[in-house]
Amino acid sequence: MKLQLAAVCLTAALSVLAVSGCKNRVGSVDSKGSADEYVVTIYAPYNGTTDDCAKISAEASKITEKLIGCKVDLVRNVSVNQLNLALASGEKLDLFYAFPWEVSLSSMAVSNQIIPMDDLLAKYAPDMLQSISPDDWRCVIIDGKKYGVPMNKDKAQGRGFLMVKSVADEVGFDYSKYVTYADLDACFKKVKAAHKNMWTVVPNGGTMNHPAWAADILGDGLGVLENCLTDSTKVVNLYDTPSFKEYCSYMYKWSKEGYMMPDAVNTTEGYDVYINSGIGFGTFSPFKSGIEAEETRKCGKEMVIAKMYEPHSTTSMVNAAWCIANNSKNPGKAMQVLNLLYTNPELANLFVNGVEGVHWEFADKDKGIIKYADGITAATTGYSVVGWAWPNEQITYVWEGDDPDVWKKLGEFNKSAHSSPAKGFVWNNEKVLNAVTACNNVVAKYEAGLLTGCLDPEKTIPQFNKELKAAGIDAVISEKQNQLDAWLKTR
């Protein structure tokens with residue numbers, strides 16, 4: 001699989017925070033090679049040093065200047081708070097990855113933080129528009145308009161516990177079958193006895209992004225289907241469900257027993273940092289086809305996953321999207337860059353894997369297999385590889401250790417997963433926006449502390465739900481149920 005430079009690419013721009021000192025021209029800029037050509041700023045999560053991002057930006061700009069007459073500027077290590085600040089501040093933004101587990105696409109659309117894409121897609125990105133299925137596009141449509149580009153990644157996920165294989169094998173943990181919290185509890189006890197200085201559970205940036213339950217969050221987590229592996233379409237308060245209580249109870253227990261690192265809610269590092277350094281055993285994680293090889297590369301240790309909930313597909317898993325900020329001074333250029341990121345293998349590979357010879361090198365060029373560059377490891381690279389967080393990882397090189405057919409098998413995994421009965425439903429919170437805002441403030445107060453075992457669920461969950469009721473959670477759930485019921489009648 002060789003990367004070929006696309007002969008004709010209509011593109012799009014990635015956005016968020018412009019780098020200070022850039023003289024960006026306001027307005028539509030289509031001239032090629034001019035000194036004041038537009039710079040599309042790309043805001044993305046996960047680790048990447050300023051120096052490494054600059055190298056990628058320079059190489060990527062050579063492609064975009066030639067094909068669409070603009071430059072790009074990549075900013076990584078972006079947090080949800082940084083993104084929200086940027087969107088609210090009016091700063092020049094272009095393209096960004098919308099954190100699907102934190103930010104509702106409909107909320108950003110209703111609050112005018114992102115722009116509808118239909119006209120831009122038709123004019124600047126017909127290739128991308130046609131290559132994405134109608135079913136996937138439906139997951140990003142709000143009030144009849146497309147507000148994001150769904151990524152070509154895993155569109156279904158199971159839930160489980162990701163862990164260091166050598167340690168799991170050492171204590172005799174059987175991860176070949178589906179496991180329960182009680183199974184994990186017994187495993188953690190053995191791990192802690194054998195490795196007193198190792199935390200058996202580690203957080204991810206002060207929270208736990210993928211707790212083990214099978215809820216369809218219906219966009220924002222304020223009103224969910226508790227178990228989308230069933231046919232139930234009853235919308236309930238996640239924070240008052242048995243699933244939430246069970247998870248939080250175990251996390252608090254593990255925190256008290258010294259299995260979970262203390263004060264985890266105030267940590268800032270990703271789980272991979274703790275695991276790579278040898279102080280972490282594992283973390284809760286989604287799983288998909290190829291996940292163990294991907295996480296092994298990321299964590300620098302051979303990783304395995306103990307499965308807890310079967311693979312399922314929801315709107316929120318499909319509409320994890322790249323968006324164009326309303327602050328963008330040139331949405332057309334932003335769309336052109338986005339189109340290239342989705343359709344041009346050379347550009348996609350730069351953003352997913354970095355620069356050849358700096359971050360990676362060929363293990364087998366004819367087969368399109370790559371590995372870390374000489375002297376570079378998962379622990380020392382200045383640019384973490386997180387392919388699923390980019391528009392289209394499936395047109396990039398395959399890493400050594402991955403199945404050569406990883407992209408084909410990922411497609412098969414997506415098709416075989418159980419579909420939520422609400423898959424395709426997109427929540428519009430406009431009628432209850434004040435209640436949504438108030439509820440989100442309450443969630444921000446309690447959720448991370450409960451998910452990381454820092455707060456006692458017996459005391460905290462009742463107070464949490466009392467404040468959610470006062471904030472209007474019942475009105476939100478009622479409106480969401482009404483919208484879902486109406487949508488179900490049109491299926």
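Heavy-atom basis, side chains included; hydrogens, waters and symmetry copies ignored.
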Non-hydrogen side-chain atoms of [X] and [Y] separated by less than 4.5 Å:
X      : Y      : value
Glu412 : Lys415 : no
Tyr271 : Cys299 : yes
Trp390 : Lys153 : no
Met128 : Val149 : yes
Met303 : Ile275 : yes
Thr180 : Met308 : no
Ser313 : Asn414 : no
Phe284 : Asn204 : no

- Message: As a quick check of understanding, evaluate side chain to side chain donor-acceptor pair (under 3.5 Å) for Asp154 and Gln157, giving each step before the final call.
- Response: CA-CA 7 Å; Asp154 52 300; Gln157 296 175 353; 3.2 Å; yes
Is the positively charged end of [X] above the ring of [Y], judged by distance under 6.0 angstrom from the centroid and angle within 45° of the axis?
X      : Y      : result
Lys371 : Trp399 : no
Arg76  : Tyr46  : no
Lys192 : Trp254 : no

With the threshold set at 4.0 Å, does a side-chain nitrogen-carboxylate oxygen contact exist between [X] and [Y]?
X      : Y      : answer
Arg297 : Asp402 : yes
Lys165 : Asp169 : yes
Asp185 : Lys189 : no

- For Asp174, all residues meeting salt bridge (Lys or Arg N to Asp or Glu O under 4.0 Å), sequence neighbours excluded: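 In terms of salt bridge (Lys or Arg N to Asp or Glu O under 4.0 Å), with neighbours along the sequence ignored, Asp174 is linked to no residue.
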- Residues in side-chain hydrogen bond (donor to acceptor under 3.5 Å, both in side chains) contact with Asp374, at least two apart in sequence or another chain: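 For Asp374, no residue satisfies side-chain hydrogen bond (donor to acceptor under 3.5 Å, both in side chains) once neighbours in sequence are set aside.
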- Have Gln113 and Asn326 got a donor and an acceptor in their side chains that come within less than 3.5 Å?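 Checked: Gln113/Asn326 side chains show no N/O donor-acceptor pair below 3.5 Å.
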- Can the ring centres of Phe287 and Phe161 be said to be less than 6.0 Å apart?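 No, the ring of Phe287 stays outside the 6.0 Å limit from the ring of Phe161, centre to centre.
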- Query: Should the heavy atoms of other residues, nucleotides or ligands under 6.0 Å from CG of Asp263 be counted, would the total exceed 12?
  - Reply: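 Yes, the 6.0 Å shell around CG holds more than 12 heavy atoms from other groups.
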